[in-house]
Amino acid sequence: MRISAKVDYAVRAAVQLAAADGDRPTKGDTIAQAQGIPLKFLENILSDLRHAGLVRSQRGAEGGYWLNRPAAEITVADVIRAVEGPLASVRGQRPEDIAYEGPAEPLSKVWIAVRASLRSVAEHVTLADIAAGALPEHVATLASDPEAWVTR
């Protein structure tokens, strides 16, 4: 799986909001500076997150952004879907909607299994988990496996 800059920036911005004081909005330029995200790119990402209902905004001198739900209720998968769509697609289609012929026939099941594997992490890690530095045990276990760090 390739994690795009847009997804990386979106998750980082959302985690920054999760860690912020929820009583006041956080300015876009504050998020951009804290996370090293180009402001114009961030504004587009925050717009996507707002349209998905994950973030709310207020204009004006006292304006900025907040999470629209508690950070413990927003998963990494929610953020990915908000900015890029489904977690796993094959040529823009859902894996279960693709039929292969001959020896490639089982391939759709491979793509479905890849999606399930992504979900097993991305749907179980919340913004609150990341902001607190406390990942779910099964995710921490996966990340601590030395084989997970080997690039192939």
Return the minimal non-hydrogen interatomic distance between Thr26 and Ala20, and the atom names on each side. OG1-CB, 3.4 Å
Between Lys6 and Asp48, is any pair of side-chain heavy atoms under 4.5 Å apart? yes
Checking Asp78 against Glu73 for the side-chain contact (heavy atoms from CB on, under 4.5 Å) test, could you report, in this order, the C-alpha distance in whole Å, the side-chain angles of both residues, the deciding distance, and whether it holds? CA-CA 9 Å; Asp78 293 330; Glu73 295 178 13; over 6 Å; no
Cluster link Ile3 to Trp149, ILVMFWY, side chain under 4.5 Å: no
Atom CH2 of residue position Trp111 - does it have more than 12 heavy atoms of other residues, nucleotides or ligands inside 6.0 Å? no
Would you kindly say whether Glu96 and Ser108 are connected by a side-chain donor-acceptor distance under 3.5 Å? no
Any side-chain heavy atom of Pro38 sitting closer than 4.5 Å to one from Tyr9? yes
Could you walk me through whether Ser47 and Asn44 pass side-chain hydrogen bond (donor to acceptor under 3.5 Å, both in side chains), step by step? CA-CA 5 Å; Ser47 177; Asn44 291 328; over 6 Å; no
Check the pair Leu49, Val83 against side-chain contact (heavy atoms from CB on, under 4.5 Å), reporting the backbone distance first and the verdict last. CA-CA 7 Å; Leu49 295 175; Val83 298; 4.1 Å; yes
Verdict with supporting geometry, Ser89 and Arg94, side-chain contact (heavy atoms from CB on, under 4.5 Å): CA-CA 5 Å; Ser89 64; Arg94 297 173 357 158; over 6 Å; no
State, to 0.1 Å, how close Leu54 and Ala82 come at their nearest heavy-atom pair, and which atoms those are. CD1-CB, 3.8 Å
Could you report the tightest heavy-atom contact between Leu42 and Ala13, atom names first, then the distance? CD1-CB, 3.6 Å
Find out whether Leu46 and Phe41 are in side-chain contact, i.e. whether some heavy atom of one side chain is under 4.5 Å from a heavy atom of the other. no
Does Arg69 CZ have over 12 foreign heavy atoms under 6.0 Å away? yes
Counting only heavy atoms not in Lys27, do more than 12 fall under 6.0 Å of its NZ? yes
Mind checking whether Val55 and Asn68 have side chains closer than 4.5 Å, heavy atoms only? no
Which heavy atom in Trp66 sits nearest to a heavy atom in Gln58, and how many Å separate them? CH2-OE1, 3.2 Å
Do Pro25 and Glu62 have side-chain heavy atoms sitting under 4.5 Å apart? no
Within the 4.5 Å heavy-atom criterion, are Ile130 and Val76 side-chain neighbours or not? yes
Hey, is Arg81 close enough to Glu123 for a salt bridge, meaning N to O under 4.0 Å? yes
Between Pro136 and His124, what is the shortest heavy-atom contact and its length? CG-O, 3.0 Å
Shortest non-hydrogen contact from Leu118 to Leu87? CD1-O, 3.8 Å
